[in-house]
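Worksheet: the structure to be examined is printed underneath.
Keep in mind that what you see is a predicted model, and the values were worked out from it rather than measured. The basis for the numbers below is simple: all heavy atoms, side chains too, and nothing from hydrogens, waters or symmetry mates.
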Amino acid sequence: MFKKDVQYYKFCFYGFFKNLRFFDAFILLFFLSKGLDYWQIGVIFSLREITRNVLEIPSGFIADSLGRRTSLSLSFVLYIASYLSFYLSDSFSFILIAMFFYAVGDAFRTGTHKSMIYHYLEINGWKEYKAAYYGNTRSWSQFGSAICSIVGAVFVWYSGSYATVFLFSIIPAFLDMLLILSYPKSLEGNLKKKHKRNTSAAIKESWKQIKEQVKLLSFWRNINLVSLHSGYYRAIKDYLQPILATAALGISVLTKNSVIQREATIIGIAYFLIYLISSIASRNAGRLAKQISQPNKALYLTMISGLACGVTGGILIILGLEWWGILALVLIFPIENIRKPIGLAKVSDESESDIQAFVLSIESQAGSLYTTILAPIIGLLADQQGPGFGIAVCAGGLLAINLLLQISHKK
């Protein structure tokens, strides 16, 4: 379908290094170890999403107008500053500052790299393979997450602290920044084509294309269809960590080791398997996309499935059936990684190539908006009745709203 050339492997290794965030499988436990409650954790996640929301569209606009490689390189500098801040943090306010740096870095990254991939496919005449190509490269990201879950667990085991994983995460972030700088200039977009691209002309022309794009109602429908599940996924995925930690205490093995070592072992193995399954799901998204005649229907059905898994998992955890509840919640991960390449390919196909960083930033921003709303609600409910209750209520609410809207639409 497409050639796996040097640039293909650069895209793959970008995703692999990007997801070597050794703290990912332990970040919520890190917050709890600092004495924070679930409500404060929800506020931290909301700050991340609000900051990303405010800067998402301007950052995509800057990337399209002034340079995508520059935008991505800046994001990794901010990530490194964030990781150092997390490692040194000793209070709620310090953690908020660290998360702010992380969110700004995210804003300059999300959408930008995807737009470079899609631009590369257009240059080579492989536009029809967007779902398959992006699914393949995304699978490397998930594989990176799987590896970093095990490696992160090793770091936590030997250090006896969740903070050290932030320090080690600086190394792959720096390597990814160097990799981005090696990308060809052609992936910057049509910077040289547009009036030989002085800054003012670049901004004016990009703005003209953007105004035409946002007038389309179908554009906003597609954005919402993709982003709602992504926002829900980001809001609930980290709450699996304390649920796994609680379940780990009931396992008879490793009883001679410390609590943090037992948690690290169980969570590291669990997240390794979760992201390995997600990697396989993402790799096969393109194959699935070829068999789907109605992408919108497929995206809707997978969204309902993901929400139903949240309701089921939360209820099972409330009833004390932790492992069955964990299994239901784990299914949300591959569902998100199947639907994401299909959804982004659809959004990309219906937008101008020169403003794709902006368009894909809108999609990411919409997902962030849902996470901003859901994260503190889940945190507040989790403080009252536990993480399972928070997940079940929020997933159930979203499921009910979507089913009512669907019934209303049919009538």
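- Classification of the F31-F86 ring pair by plane angle, with boundaries at 30° and 60°, yields tilted.
- No more than 12 heavy-atom neighbours from other residues, nucleotides or ligands sit within 6.0 angstrom of CZ on F143.
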As a quick check of understanding, evaluate salt bridge (Lys or Arg N to Asp or Glu O under 4.0 Å) for E336 and K237, giving each step before the final call.
CA-CA 11 Å; E336 170 66 8; K237 69 182 181 71; over 6 Å; no

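- Residues S141 and F16 form no side-chain contact, since every pair of their non-hydrogen atoms from C-beta on lies 4.5 Å or further apart.
- Legend: side chain to side chain donor-acceptor pair (under 3.5 Å) pairs involving residues 369-392, not counting sequence neighbours, sorted by first then second residue: N224-Y370.
- Each side chain to side chain donor-acceptor pair (under 3.5 Å) pair with one or both residues in residues 162-181, not counting sequence neighbours, appears once here: S159-T164, Y162-E263.
- In this structure, the side chains of F92 and I44 come closer than 4.5 Å at one or more pairs of heavy atoms.
- A 4.5 Å side-chain heavy-atom check between L74 and T70 finds every atom pair outside the cut-off.
- Applying the side chain to side chain contact (heavy atoms under 4.5 Å, CB included) rule to I170 yields the partners I80, Y83, L84, L167; only residues at least two apart in sequence or on another chain are considered.
- With no hydrogens or angles considered, no side-chain donor-acceptor pair links Y14 and N19 at under 3.5 Å.
- Ring pair F155/F168 is parallel by interplanar angle, where below 30° counts as parallel and above 60° as perpendicular.
- In this structure, the side chains of W39 and P376 come closer than 4.5 Å at one or more pairs of heavy atoms.
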Contacts table for residues 302-310: side-chain donor-acceptor under 3.5 angstrom, sequence neighbours left out:
| unit_1 | atom_1 | unit_2 | atom_2 | d |
| --- | --- | --- | --- | --- |
| T302 | OG1 | A298 | O | 2.9 |
| T302 | OG1 | L299 | O | 3.0 |
| T302 | OG1 | R339 | NE | 3.0 |
| S305 | OG | L301 | O | 2.9 |

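- Here E322 pairs with A247 under the side chain to side chain contact (heavy atoms under 4.5 Å, CB included) rule; sequence neighbours left out.
- Note on residues 389-398: no pairs pass salt bridge (charged side-chain N to carboxylate O under 4.0 Å, His left out), not counting sequence neighbours.
- Atom OH of Y120 has more than 12 heavy atoms from other residues, nucleotides or ligands within 6.0 Å.
- Proximity of T312 to L329: side-chain heavy atoms (C-beta onward) are nowhere separated by under 4.5 Å.
- Residues F166 and F30 bring their aromatic ring centres within 6.0 Å.
- More than 12 heavy atoms of other shown residues, nucleotides or ligands fall within 6.0 angstrom of atom CZ in F94.
- Within the 6.0 Å centre-distance limit, the rings of Y8 and Y133 are counted as a close aromatic pair.
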